[in-house]
Each structure stands twice: as C-alpha cells, then as structure tokens.
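Here is the structure we will look at, set down as structure tokens.
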Amino acid sequence: MRECFIVRQPGLFTTVQDLGRHGFQHLGVPVSGALDTTSLRLANLLVSNREDTAGLEFCYAGPVLEVAGGPVRVALGGPVAARIEGREPRPLPPWRSTLLEAGDVLTIGPVIGAMCGYLAAEGGIDVPVVLGSRSTYTRAELGGFNGRALAAKDEVPLAPPQPRLRAETCLAAAPSAAGGPFRVVLGPDAHHFHEEAIATLQSSEYVVSREADRIGLRLEGPALRHSGPAEIPSQGTANGTIQVPRSGQPIILLADRQTTGGYIKIATVISCDLPRVGRLAPGARLTFEAFEHTAAIELARAEAAAFEAIIRTITTVSVNLADAAELLACNLVDGFVSALDEL
Amino acid sequence: LVRFQPVGDAAVLAEFGTEIDRTLSRRVFQLHQHVVASRIPGVIASIPAFATLLVQFDPLRTAAGEIMRLLEASMETMAEAGCYQARRWRIPVCYSPALAPDLEEAARVGSLSISDFAALHASACYVVYMLGGFPGFPYLGDVPEPMRIPRRASPRLRVEPGAVALAGRLSAIYPMPTPGGWNLIGRTPIPIFNVAWEEPALLAPGDEVIFHPVSESDFENVAAAVAQGGVERDALMMPA
C-alpha cells in the first residue's frame, strides 16, 4: 500500500492547498491557495519541503488522520495542536516536526482563535497538479482531492517518503500573533463613496460575521455609504480587496474570490497583511489604517524581512536524556550517527 | 482618457471608462495583449474586464508607480500600432426547445417566433468581453436589442455545459455544470473549457464569436465526434 492519510474524520472543510493557481485569472480561474500563507509556508519548511508544497488546510475543527503505507514526517502550522495515538502516544504542538509511523492516528484539535490551521507532510500531498497547482477550488471541483473537501474514508496520497533519518525541527518561538490595524490602500473606487464613508472605514471597529469562508469575510459595523450606484460593470479583483455591496457592510475578498466582480471597492488590504486576514475567525474585531501605496512597499519589505528572521529561528529539537538513550540504542541498528552527519 | 489607480500594493487598475462598450473594450484588449507580450518583470496577471484592465504584480519585485509608468508608455506605443489581433470562432449551436429550456419563453418575451429568435441570435458577431464569475465563463456581447431579457427570477441549481444563454445585453456559454440564472436558448456540443488543455479555455478575452445554427441531428453528430476526440480547434476558427 502506498503512503497515505486515511481520513477517519474529515474535520471542517479540510482541503488540499498550496500557494495558489497562478496564470489563468484572465480565463476566469480563481487563484485559491492557502488563506494563511505564512502558516503553510512555515509548516512546510519544518518538514524540509519547499514553501509552496501542498498541505492540508482545515477550518476550526481539524481532521483525524490515520497514517498508512509507511512513516511520514509532519508539522502543524497555526494555533492548533494534535494528539498522536499509536506505539508512542504523545501530544504534537504546532511549529514542530515529528515522524509518524504507519498505524499512528493523528487527532488534530480545534483551531484556537483563528479560522484555519495547516498540516504539512514531508514531500507534500500528492494529488495531481491541475493548471500548475494542487490547490482545491471546490466551487468548480478543480484541483485538490477530487476537487472537494475531504470526507471520511478518503485515502489522501502522500509523496513517497525520504527515508533519511534526521533530527526533528521546531521554531524557537511561535510567530507572534501581530495585532494592530489592517493596513489598506484606498481605492480603486473610493470616489464612489461619501467622504464620511472613507473616514468611517478608518475610524471604526468591524467584526467578522459568521459569513466567513475561503471566498471572503463579510464584516459587520458602521455602514459605508455609496455616493452613487453600488454596482458597476465587472472588473478584475485583487486579493484583499474590500468591496461594499448596497447594504454598506464590507466584504474582504480572499483566495477563492471570483476573478471579476461588479461591487464597488473602497480599499484593498496590502499584501503583507493578507496572511493575518486569513487567520481571522467570526467574532474577531478589526480596524483599518490607510497608507499611500508608495509607503506600503516599505511595509511589504519589512514583513518579508521579518519572515526571513522567523525562518532563521528554525532549530533542531533538543532531546531529553531518556529519549537520547533510546536514540543511542537506535544508532547501533540503523546508523543514526552517519545520518546525523548530513545535518 | 485612461485612468491608472493602485489597488492595494500589488495591483494597478487601468480604467478606460465605466460603460460596457466595444470601443472601450478594444482598448482594454490592446493593452492586455501589450502587457502579456512585454513580459514585464514582476507582473503576475493581467485581467481584462469590460472597461478595465487589472495588472497584478509582486510588490517585492516592482511597484505600482513603475507599472503605471510602463502602462502609460504602452498606451503611446499602442496608439501607433493600431488594433489588436482578434481570433474569430464559429461555434455550432442547436436552437431547439428540446435542448434549450428557456427558448420558447424568451422568444415569446421578445415577440419573435422561435426561428426568428434563433436567426437573430446567430446573426450577430459577438466579442468576448471577458471571462469571469466561473472558470472559463465567457461574457459575450452585444445581443441584438429585441432579445435583451433579464436573468431568470430563480436560478437553476444545475446548468449543463454547452448551454448557450442570454441575460440582458450579454450572451454566454456555460463551460461546465454549475448553478446559473441566465436564460438557456441553445446548446453547443463544443467543449469550451478543459483543464487538460494547455490553454484551458477555448475563448480568450477579445476573441470574436459567431454562432452557427445546426439541427438536432448535427448537434448529435458533432457531440459524438467530440466524445471521440475528433474535433480540432482549428476547424472552429475562421480565417482572419
């Protein structure tokens, strides 16, 4: 039997996602991909994957997965922990790799204080590449595992394992849950709003409503009034664009947004704050702060540097003495020492 | 006059106007073709719509100011170069109530016989204004005046791929099974979207489409040929 996760419980809207399907938006194909790209990228790096390798994204409730066919190294990204049942029962905190054996059962707990969590597996989730990506776009049954969210009894194929033994890795410190206002550039339709609407957006607190999914987050708060019609002939959409339908309640567009849309757009969240948007869960409160697009560039560079700094904190997990004794015993059998030399 | 605006820190919108209009649209396609051909470093996507072009880029590689400067320069080159090159497709459509559940009602609303309604729909040369809303869904215009009927009051839960549809001044072909609220007035046996194709959509923004009425038996013959993989793209393309 080839390596796979057998889904015992699917969790909520668990899908295969990578960093998105690029190059076909002009043909109406949405980008999709992870909502919280930072968490997926870090989880991938912890299991020696490229940042853009396909992993599992789950919303609120994680799946229960049985490992079959062989050992697989995994890591969780996001505010979520898991329990491992098997020969060696143990908890699995996020931001730390571990090796699961065939027969182990991974019970991924609820995501705390965010919408999504991620599971990266060494080598990646091995579903077919569709239009350059393994991301799932469920509305058109495109990509991912048969174009849909996982269901019980699915066997999710994994790339063949790299048989090398190595020490596990972790982030020295979990990425900080940065707070503060979400930074936006006003426009492109800011002139379609009353001036007070522009001021309201920047001075008010909004709450993420229960209508929150991979397409977008509907917010609740002071209404943003249009000065003219609420709809215009459709235009291309950008990730993080805040559109305002007639109700005046804004919607932040996310990864599964349609490539074109006709609602008036008051502002767009800058790209480095998008992973934070992807972490918002219903009930979360948020505010916005407007920046000139020229200033946003500096913020993007600072955020990229901060991500590099996090990557540099990836370290080998130190083992306690009892484990070390066990590892030493293993060395005699399968040459763990020589494997360590590769590190 | 074209207006350039930043959309966040990773896109620029070129706005040629606010109407659905073929003259504006032609300029959108011209700029789109120019952006695609120029392979501007850092540009990720160029999305044409009715009167706008959205150019997305990687903000760590380039910036809105630089993209706006390049787009403006492109506009000048384009003015000299003239029109963009459009491909023209001839798509067989069967206008039969058996295959098009809204045809009779649409003809009645337009005060036309079914055959006049079909002939009128097939008489126009449509431009693919844009694809959007759903992968491979083409917005075609403009529909002749008497046929402009609003979307259905209640959308269907499932529309079959190949359904040829109307809503207001626009016509469309459903690329795959999807819910849909447009009026279904014909059906083509030609698949227009397939992820196995290198270019997954048959119709690209700016292409032109002519509908060619066929009988039910011809519809079945072409559908059978398609199922056997026997219809070449080139056979559907009209000489420029």
Side-chain angles (χ1 to χ4, degrees), chain A residues 21-31 128 130-131 137 139-143 147 183-192 229 232-242 258-262 265 267-274 291-301 303-304, chain B residues 3-13 15 17-21 24 32 36 44-60 62-65 68 129-139 175-179 193 195-205:
Chain A
R21 183 168 284 113
H22 295 278
F24 302 97
Q25 287 184 82
H26 64 294
L27 302 179
V29 182
V31 175
V130 173
L131 299 178
Y137 178 59
R139 284 188 74 222
E141 298 177 13
L142 215 66
R183 297 163 297 184
V184 299
V185 174
L186 294 175
D189 304 324
H191 54 289
H192 284 282
I232 50 174
S234 287
Q235 303 179 344
T237 57
N239 203 2
T241 283
I242 305 173
Q258 297 182 349
T259 55
T260 56
K265 299 168 279 293
T268 300
V269 177
I270 63 174
S271 44
C272 64
D273 276 357
L274 288 172
F291 275 78
E292 289 299 320
H293 68 90
T294 43
I297 297 302
E298 291 312 313
L299 301 175
R301 291 201 180 115
E303 198 67 23
Chain B
R3 183 177 141 128
F4 297 106
Q5 289 191 87
V7 179
D9 65 337
V12 162
L13 185 74
E15 202 175 356
T18 54
E19 304 295 314
I20 298 178
D21 174 281
L24 292 179
H32 171 63
V36 172
I44 293 167
S46 171
I47 312 175
F50 293 109
T52 57
L53 184 70
L54 185 75
V55 178
Q56 297 176 355
F57 56 85
D58 176 354
L60 295 174
T62 183
M68 287 193 246
Y129 277 123
M130 60 175 221
L131 288 90
F134 207 77
F137 188 93
Y139 289 77
M176 55 176 95
T178 153
F193 188 83
V195 294
W197 300 338
E198 193 177 332
E199 188 78 347
L202 180 72
L203 308 175

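Protein chains get the first letters and strands the later ones, always in sequence-line order, with residue 1 at the start of each.
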* Under the side-chain contact (heavy atoms from CB on, under 4.5 Å) criterion, do A:H191 and B:Q5 qualify, and how do the steps go? -> CA-CA 12 Å; A:H191 54 289; B:Q5 289 191 87; 4.1 Å; yes
* **A:T241, part contacting chain B, at a heavy-atom distance under 4.5 Å** => side chain
* To do: Please determine which of B:L13, B:T18, B:L54, B:I47 meets the side-chain contact (heavy atoms from CB on, under 4.5 Å) test together with A:Q235.
  => B:L13
* Contact origin within A:V130 toward chain B - heavy atom pairs under 4.5 Å -> side chain
* Any side-chain heavy atom of A:L27 sitting closer than 4.5 Å to one from B:E199? -> yes
* Heavy-atom distances under 4.5 Å only: say whether A:A304 touches chain B with side chain, backbone, both or neither. => side chain
* Take A:E141 and B:M176, measure what side-chain contact (heavy atoms from CB on, under 4.5 Å) needs, and give me the verdict at the end. => CA-CA 10 Å; A:E141 298 177 13; B:M176 55 176 95; over 6 Å; no
* Asked: Within the side chain of B:D9, is there an N or O that forms a donor-acceptor pair under 3.5 Å with the backbone of A:S271?
  -> yes
* Can you tell if the side chain of B:M68 reaches within under 4.5 Å of the side chain of A:H293, non-hydrogen atoms only? -> yes
* Asked: So, B:E19 side chain and A:P233 main chain: donor-acceptor pair closer than 3.5 Å or not?
  -> no
* What part of B:E15 lies closer than 4.5 angstrom to a heavy atom of chain A: side chain, backbone, both or neither? -> side chain
* To do: With sequence neighbours excluded, tell me which residues meet salt bridge (Lys or Arg N to Asp or Glu O under 4.0 Å) with A:E292.
  => none
* Asked: Going through the distances and angles, do B:V195 and A:F24 end up as a side-chain contact (heavy atoms from CB on, under 4.5 Å)?
  -> CA-CA 11 Å; B:V195 294; A:F24 302 97; over 6 Å; no
